[in-house]
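This report refers to the structure that appears directly beneath it.
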Amino acid sequence: MSRTRRDVLVMLPLSALALPHAHAQAMVDEADATAKALGYLADASKIDKAKQPKYVAGQQCAGCQLFQGKAGAAAGPCALFPGKQVSAKGWCISFVKKT
Ligand code: SF4
């Protein structure tokens with residue numbers, strides 16, 4: 001019945017919030033192939049500007065359009081890393097400033 005399906009969809013975000021952090025999605029590993037290809041680092045302040053000329057100090061995942069975490073969250077999903085979370089303080093070459 002469609003009503004049941006809708007109820008389940010409504011409840012999903014609430015149950016996700018109730019989960020302790022340890023049960024949240026895994027963090028992106030900097031050593032992952034995709035992370036390496038995108039130059040992702042969990043701590044943007046460690047970006048080597050010589051290697052990443054695109055990086056501008058102050059840019060971080062929390063301020064990126066592809067970041068799907070809540071405002072103020074330490075981590076959140078990113079469209080480029082399905083099923084994983086990136087650090088709000090991270091950065092990669094696909095950074096697009098939130099407008
Ligand atoms: Fe962070 Fe944006 Fe790169 Fe995703 S696309 S890892 S949110 S900088």
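Every number for a ligand or one of its atoms is a count from 1 in the order of the listing. Here the structure is a predicted model, which means the values were calculated and not measured.
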* Asked: Around atom 3 (Fe) of ligand 1, how many protein N, O or S atoms are there at under 2.8 Å?
  -> 1
* Asked: Is the side chain of Gln59 donor-acceptor paired with the backbone N or O of Val56 at a distance under 3.5 Å, no angle test?
  -> yes
* With a cut-off of 4.0 Å, which atoms of ligand 1 are near a heavy atom of Phe81? -> 6 (S)
* Asked: Hey, what do you get for CD (Gln65) to SG (Cys61), rounding to the nearest 0.5 Å?
  -> 13.5 Å
* To do: Count the heavy atoms of every other residue, nucleotide or ligand shown that sit under 6.0 Å from NZ of Lys98, and state whether that count exceeds 12.
  => yes
Show me the donor-acceptor pairs within less than 3.5 Å that the side chains of residues 34-44 make with the rest of the protein, sequence neighbours left out.
unit_1: Tyr40; atom_1: OH; unit_2: Ser87; atom_2: N; d: 2.9
unit_1: Asp43; atom_1: OD1; unit_2: Ser45; atom_2: N; d: 3.0
unit_1: Asp43; atom_1: OD1; unit_2: Ser45; atom_2: OG; d: 2.6
unit_1: Asp43; atom_1: OD2; unit_2: Ser45; atom_2: OG; d: 3.3
unit_1: Asp43; atom_1: OD2; unit_2: Lys46; atom_2: NZ; d: 3.3

* Judged by modelled atom types alone, do Gln60 and Trp91 share a side-chain donor-acceptor pair under 3.5 Å? -> no
* **Salt bridge present between Asp29 and Lys84 (N-O < 4.0 angstrom)** => no
